[in-house]
Each structure stands twice: as structure tokens, then as C-alpha cells.
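Scroll down for the structure; my scribbles are underneath it.
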Amino acid sequence: MYNVLTAIKNNMLLQELKRLHIWGASTGFEICEVTSDFATLIEHLRKNRYQLVLLEATPDYPVLNLLQTIRQEKLCQAIAMVGQTAEFKIVRKSFLLGVDDYLITPFEISQFISLFGKIEHAEHGKIEAENSQKESLLDCFRTIDFSIKKELDNLLYHALSEYSDPLESFSYLKRILDDVTLELFRRHPWLELYFQADDFILPETDFPDCEEQIQKSVDDFYSLFTEFAELYPAHSEGMDKILLYILNRPEEDLKQKTISEELYINRSYFSTMFTAQMQINFVDYVNIVKMKRAAYLLKHTKRKVIDIAGALDYKDMGYFLKKFKAKYGVTPSQYRIPETYEFQI
């Protein structure tokens, strides 16, 4: 449903608008609010979102100043001036200031239908642009393209420049980043062994300092990308079954001999191929996978540290503690105290 605000003082003009058979389910456009208080109109538009504002062209109030502010701050998607007469100077100035249409009585339904069509087309264009942005981000994950950082910077710039209200900027980012996150977890079920999708879903917010939350949302999403890239780096199709075998079984025996036998791969070839493609040796990669699984279990379960080490096939507790601290900078026990220790997982 497209929300319409009428800012009209003339009651006869308002009633004529309401009598038109263009509101409701048949068009998807609905007059959801009526106001005659022009003095607070701008403040009202800053707090509420409308796809269309019908603004009365009155000679006794600086309506053109209102129109200029609405356009400059991008307070609504479309504006149409309505009135009983059309003075050339006002009409010309209105269009120069970006009004989408100028409608005078007697109203013609065809003019409104045409205006509605333009708004719907623009809205669909925005949806298509958002979908394109989502696909672009997903493609960065698919190819492990670190230019995603530039993509996110551009996304942040667009959010802040397109929307004057920080809450709308945040809402725009949330739609895109949340959808990409959920799609990643759908495409890669193994992610649930290392992270919870909810940890990367942006919280609903209405607090005034959401500018900070906007930047944090982008930084956290980039963090998700770097974590993903470490676990699932760029590789050939032939390497894929090896990585997925490891990623889906972090608590199993992940010795090279075991995997070679399970996947029917020559052990010598396995070792050479893995290091050449992954730019990391097999043992170090498995340790990364197991440490990330350990971090997940520490954060999301109450299992004892010694039990987690055993489940991950670390028989030497000292070796496990050494590897964990080398990865996260704190011991497993300290890792469970986020109020005291701040680090990225």
C-alpha cells in the first residue's frame, strides 16, 4: 500500500479529492493522513514516510518554500500540487522546484492514475536497485573479492546521501545486509556450526544516535566477510569437496590420512594440491576451523573448556589453549567474558 498525505486547508477541495474512486485496493494508494497545519508540515514529514504528498497551492502561505524544503531533504517520494486554479508563475515555479504534477479541479482520474504509475515505476526501480546491490555483495562472497570493502563504502555513502533521516538510512542498509546474511546462511549450511545468523542481523532501532549504528552495521558485515573468506577461501571446484568435508565436520577426526581415504584422493597429491591452492598448509587450516568452532561453542553453549577441547580432538589441553590464545588473544575462559574483553570473532 502506498501512503498518501494531503496537506490541504480548503475543505471543499479535500472532499472532492476524497470522492474520487481511486483510493484503496484498486490502486494501492490510500489517503492515510490529512492535515491543514502547514506550519508543522516539514517536521511531520521528517518523522513519517509517505509515497505521495498532495500539497494545496494556496496564495496565503509560502507553499513554494515548503516544496523546496521537502525536495531538498527528500522527505517523500512524490509531490503533487492541487488547487482550484493554476497561476502561471506558481505552476512554473512548482515544476522548477521538482513537483511531479499540478492538478486542478475538476480533477481527472486519468491524471491521478498516470501519477500513481510514475510512483510505482520509481518504487520498482528502487527495489530492482536494492536487489542488484544484494546480488553484487553475494557475488563478492562467491568469488572472495575483497573489493567488497569499496562496495560497502559506496553503499554507506548512498544510504546517507539518499535519505535525510538517519533512521531511514539505517532501514535501507538493514534491508540489504540482512537479506544477504540470510541468503548466505541458506546457501552455506555449514556456517551455522561457526556463527549464528542472528548475531549479524541488524537490530531494530529508533534511538537518535543511530548514525553510530549505521557505521557499525557496515563494519560488522565486513567482519562477516573476512570470517567467511578465512573459512572458505577462493578455490577450485576440485578443492570444494575437501573444504566442505572439513567445514561440516569440525568435531570429527580431520587428519589428512582420514580425509584422503574418505574422499579417495591420493594422500601425497592431497597435501601438494591443498597447500598450492589454499596458500596455507593443511594442519594450519584445520586448526583455524577448529578454533572458530571452539569460539562458537564457548559463546553459545555452557560446555566446559576441557570438554570442548576433547570434542575437537585436542588431546593435549596445553596445545589447545596455546592455539586458541594465538588466534583470539585471550584464553577460552576469558573469551566468555565480553564485558571485560573486546575482540572480534
Side-chain angles (χ1 to χ4, degrees), residues 137-138 140-142 144 148 177-203 216-235 239-255 258-259 278 280-345:
L137 292 174
L138 284 167
C140 287
F141 278 85
R142 184 181 63 81
I144 311 300
I148 192 174
L177 299 184
D178 283 1
D179 283 357
V180 172
T181 297
L182 292 173
E183 180 62 18
L184 278 173
F185 276 78
R186 187 192 69 78
R187 293 184 183 183
H188 305 283
W190 55 263
L191 274 170
E192 294 182 352
L193 295 171
Y194 307 92
F195 312 103
Q196 284 191 356
D198 287 348
D199 290 342
F200 296 95
I201 296 298
L202 305 183
K216 184 177 184 301
S217 67
V218 173
D219 292 342
D220 287 350
F221 187 84
Y222 183 69
S223 173
L224 173 61
F225 172 79
T226 58
E227 294 286 0
F228 182 92
E230 191 172 25
L231 285 171
Y232 201 57
H235 57 275
M239 180 64 67
D240 198 54
K241 63 179 181 180
I242 297 174
L243 294 185
L244 292 179
Y245 184 95
I246 296 169
L247 291 169
N248 283 303
R249 300 168 178 81
E251 295 183 36
E252 294 184 16
D253 177 10
L254 293 179
K255 294 182 177 63
T258 304
I259 298 175
M278 304 294 290
I280 185 175
N281 68 54
F282 173 79
V283 173
D284 288 342
Y285 175 75
V286 169
N287 271 321
I288 288 173
V289 171
K290 287 182 175 289
M291 288 303 105
K292 288 186 185 293
R293 177 59 177 168
Y296 175 90
L297 294 172
L298 287 165
K299 183 176 181 180
H300 297 289
T301 75
K302 294 183 179 180
R303 293 166 67 174
K304 294 180 180 178
V305 175
I306 192 171
D307 293 336
I308 291 173
L312 292 169
D313 202 31
Y314 286 97
K315 297 177 175 61
D316 184 340
M317 188 65 179
Y319 181 72
F320 171 76
L321 295 174
K322 178 181 177 181
K323 286 294 180 181
F324 191 91
K325 189 166 185 178
K327 176 65 177 170
Y328 293 107
V330 292
T331 67
S333 297
Q334 292 168 336
Y335 185 88
R336 277 179 158 161
I337 315 174
E339 310 81 35
T340 306
Y341 296 92
E342 294 184 0
F343 42 78
Q344 186 177 344
I345 64 169

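Partners of Lys304 by side chain to side chain contact (heavy atoms under 4.5 Å, CB included), not counting sequence neighbours, listed by chain and number: Ile306, Asp307. For Phe221, the ring-ring contact (aromatic ring centres under 6.0 Å, His included) partners two or more places apart in sequence, or in a different chain, are Phe141. For Ala234, the side chain to side chain contact (heavy atoms under 4.5 Å, CB included) test picks out Ile144, with sequence neighbours left out. Residues meeting the salt bridge (charged side-chain N to carboxylate O under 4.0 Å, His left out) test with Glu252, sequence neighbours left out: Arg249.
How far CG of Leu202 is from CG of Asp220: 8.0 Å, rounded to the nearest 0.5 Å. Atoms OH and SG, from Tyr222 and Cys140 in turn, are 10.5 Å apart once rounded to the nearest 0.5 Å. Considering NZ of Lys302 and CG of Leu297, their distance stands at 15.0 Å, rounded to 0.5 Å. The distance from atom CG of Asn248 to atom NE2 of His188, rounded to the nearest 0.5 Å, is 11.5 Å. For the atom pair Leu184 CG and Leu224 CG, the distance stands at 6.0 Å (nearest 0.5 Å). Here the CZ atom belonging to Phe200 is positioned 12.0 Å from the CG atom belonging to Leu182, to the nearest 0.5 angstrom.
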Review point. What's the verdict on side chain to side chain contact (heavy atoms under 4.5 Å, CB included) for Phe225 and Leu137, showing C-alpha distance, side-chain angles and the deciding distance?
Key: CA-CA 10 Å; Phe225 172 79; Leu137 292 174; over 6 Å; no
**Study point:** Residues Asp199, His300; criterion side chain to side chain contact (heavy atoms under 4.5 Å, CB included); working and verdict
**Key:** CA-CA 11 Å; Asp199 290 342; His300 297 289; 3.2 Å; yes
Practice item. Show your reasoning for whether ring-ring contact (aromatic ring centres under 6.0 Å, His included) applies to Tyr194 and Tyr296. Key: CA-CA 5 Å; Tyr194 307 92; Tyr296 175 90; 7.8 Å; no
Point to revise | Verdict with reasoning, Lys290 to Glu251, per salt bridge (charged side-chain N to carboxylate O under 4.0 Å, His left out) | key: CA-CA 7 Å; Lys290 287 182 175 289; Glu251 295 183 36; over 6 Å; no
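Just one residue in the list Leu243, Leu193, Ile246, Leu312 forms a side chain to side chain contact (heavy atoms under 4.5 Å, CB included) with Val289, and that residue is Ile246.
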Validation: residues 313-321 side-chain donor-acceptor distances under 3.5 Å, sequence neighbours left out:
unit_1: Asp313; atom_1: OD1; unit_2: Lys315; atom_2: NZ; d: 2.9
unit_1: Tyr314; atom_1: OH; unit_2: Asn287; atom_2: OD1; d: 2.5
unit_1: Asp316; atom_1: OD1; unit_2: Gly318; atom_2: N; d: 3.0
unit_1: Asp316; atom_1: OD1; unit_2: Tyr319; atom_2: N; d: 3.2
unit_1: Tyr319; atom_1: OH; unit_2: Asn287; atom_2: ND2; d: 3.4

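Counted within 6.0 Å of NZ on Lys325, heavy atoms from surrounding residues, nucleotides or ligands total 12 or fewer; the atom is thus considered open.
The nearest pair of heavy atoms linking Phe185 to Glu192 is CD2-CG, 3.9 Å. Listed here is the closest heavy atom pair of Tyr335 and Lys299: CE2-CB, 4.4 Å. Across every non-hydrogen atom of Phe195 and Glu227, the tightest pair is CZ-CB, 3.6 Å.
Under the 3.5 Å distance criterion, the side-chain polar atoms of Asp284 are left unmatched by any main-chain donor or acceptor of Ile280. The backbone N or O of Leu254 lies less than 3.5 Å from no partner atom in the side chain of Tyr245, so there is not a single donor-acceptor pair. In terms of modelled atom types and a separation under 3.5 Å, the side chain of Ser223 and the main chain of Asp219 share no donor-acceptor contact. Arg336 contributes a side-chain N or O that, together with a main-chain N or O of Leu298, makes up a donor-acceptor pair within less than 3.5 Å.
For the residue pair Asp240 / Tyr232, a side-chain donor-acceptor distance below 3.5 Å is found, with atom types taken as modelled.
Pairs of residues two or more places apart, or lying in two chains, that qualify as salt bridge (Lys or Arg N to Asp or Glu O under 4.0 Å) and include a residue from residues 178-190 are Lys134-Asp179, Lys174-Asp178, Glu183-Arg186, Glu183-Arg187.
Residues Ile308 and Pro332 have side chains not in contact (no heavy-atom distance under 4.5 Å, counting atoms from C-beta outward).
Checked against the 6.0 Å centroid threshold, Trp190 and Phe228 count as a close aromatic pair.
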